[in-house]
Amino acid sequence: MKIRYVVVDDGKAEWGNKKAILRRYEGLNIYTLNRWLREMRDHKQWRDGVVNPTHKLVFINFKIFQEFLYWKQHGYVRYARKRP
């Protein structure tokens with residue numbers, strides 16, 4: 001799978017839905033995204049990056065998602081995240 005990051009017009013947004021993530025990362029399909037979001041929810045370190053206000057609505061933090069991808073590739077966090 002070849003995934004390419006695409007810069008979008010609303011680059012100042014911190015949160016987005018699944019469509020926004022799929023638009024930013026060309027080549028990423030919905031099935032892989034759903035698996036990764038489930039993995040983020042199950043992992044204590046990445047749990048804050050996915051919010052489900054209802055059972056059908058999901059918001060993903062773009063910065064935390066990018067850090068998660070880096071962690072998946074390298075097995076560690078490039079920048080230490082400050083916990084609130």
Side-chain angles (χ1 to χ4, degrees):
M1 170 180 4
K2 185 176 182 179
I3 298 175
R4 186 171 67 95
Y5 179 76
V6 178
V7 180
V8 293
D9 295 334
D10 60 347
K12 295 181 181 181
E14 288 185 45
W15 295 84
N17 59 9
K18 290 179 183 180
K19 287 182 184 179
I21 292 288
L22 293 173
R23 231 181 9 246
R24 284 181 181 235
Y25 294 92
E26 267 184 11
L28 179 63
N29 62 41
I30 189 70
Y31 305 107
T32 304
L33 177 60
N34 286 332
R35 278 196 334 262
W36 288 352
L37 293 177
R38 184 176 40 230
E39 188 176 342
M40 285 178 73
R41 285 184 195 104
D42 292 342
H43 199 283
K44 187 174 117 179
Q45 183 176 3
W46 307 111
R47 189 173 297 153
D48 297 337
V50 183
V51 177
N52 286 89
T54 68
H55 69 285
K56 287 189 174 185
L57 191 58
V58 62
F59 291 110
I60 304 129
N61 184 293
F62 296 130
K63 183 176 180 188
I64 295 175
F65 186 76
Q66 189 170 356
E67 291 174 4
F68 171 75
L69 294 180
Y70 191 83
W71 174 79
K72 280 194 71 67
Q73 180 181 4
H74 298 288
Y76 61 88
V77 180
R78 184 179 355 185
Y79 306 105
R81 285 188 37 225
K82 294 180 182 176
R83 304 293 284 175

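Keep in mind it's a predicted model, so treat the numbers as computed, not measured.
- Separating the CE atom in M40 from the CG atom in L33 is a distance of 9.5 Å, to the nearest 0.5 Å.
- Residue I60 holds its CD1 atom at 12.5 Å from NZ of K19, rounded to the nearest 0.5 Å.
- Residue G49 comes nearest to W15 through the heavy atom pair O-CZ3, 3.6 Å, listed as atom of the first residue, atom of the second, then distance.
- One finds the OH atom of Y31 at 11.5 Å from the CZ atom of R35 (value rounded to the nearest 0.5 Å).
- To the nearest 0.5 Å, atom CG of residue L22 and atom OG1 of residue T32 are 9.5 Å apart.
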Side-chain donor-acceptor distances from residues 51-58 under 3.5 Å, at least two apart:
{"residue": "N52", "atom": "OD1", "partner": "R41", "partner atom": "NE", "Å": "3.0"}
{"residue": "N52", "atom": "OD1", "partner": "R41", "partner atom": "NH2", "Å": "3.2"}
{"residue": "N52", "atom": "ND2", "partner": "L57", "partner atom": "O", "Å": "3.2"}
{"residue": "T54", "atom": "OG1", "partner": "K56", "partner atom": "N", "Å": "3.4"}
{"residue": "T54", "atom": "OG1", "partner": "L57", "partner atom": "N", "Å": "3.1"}

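- Rounded to the nearest 0.5 Å, atoms CD1 (I21) and CG (L69) are 8.0 Å apart.
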Practice problem: Report the C-alpha distance between E14 and F59 in whole Å, list the side-chain angles of each, state the deciding distance to 0.1 Å, and finish with yes or no for side chain to side chain contact (heavy atoms under 4.5 Å, CB included). | Solution: CA-CA 10 Å; E14 288 185 45; F59 291 110; over 6 Å; no
Self-check item: Check against side chain to side chain contact (heavy atoms under 4.5 Å, CB included), W36 and K72
Solution: CA-CA 10 Å; W36 288 352; K72 280 194 71 67; 3.4 Å; yes
Practice problem: Could you walk me through whether N61 and F68 pass the side chain to side chain contact (heavy atoms under 4.5 Å, CB included) test, one step at a time? | Solution: CA-CA 10 Å; N61 184 293; F68 171 75; over 6 Å; no
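- Looking at residues two or more places apart in sequence or on another chain, you find a side-chain hydrogen bond (donor to acceptor under 3.5 Å, both in side chains) between N34 and K18.
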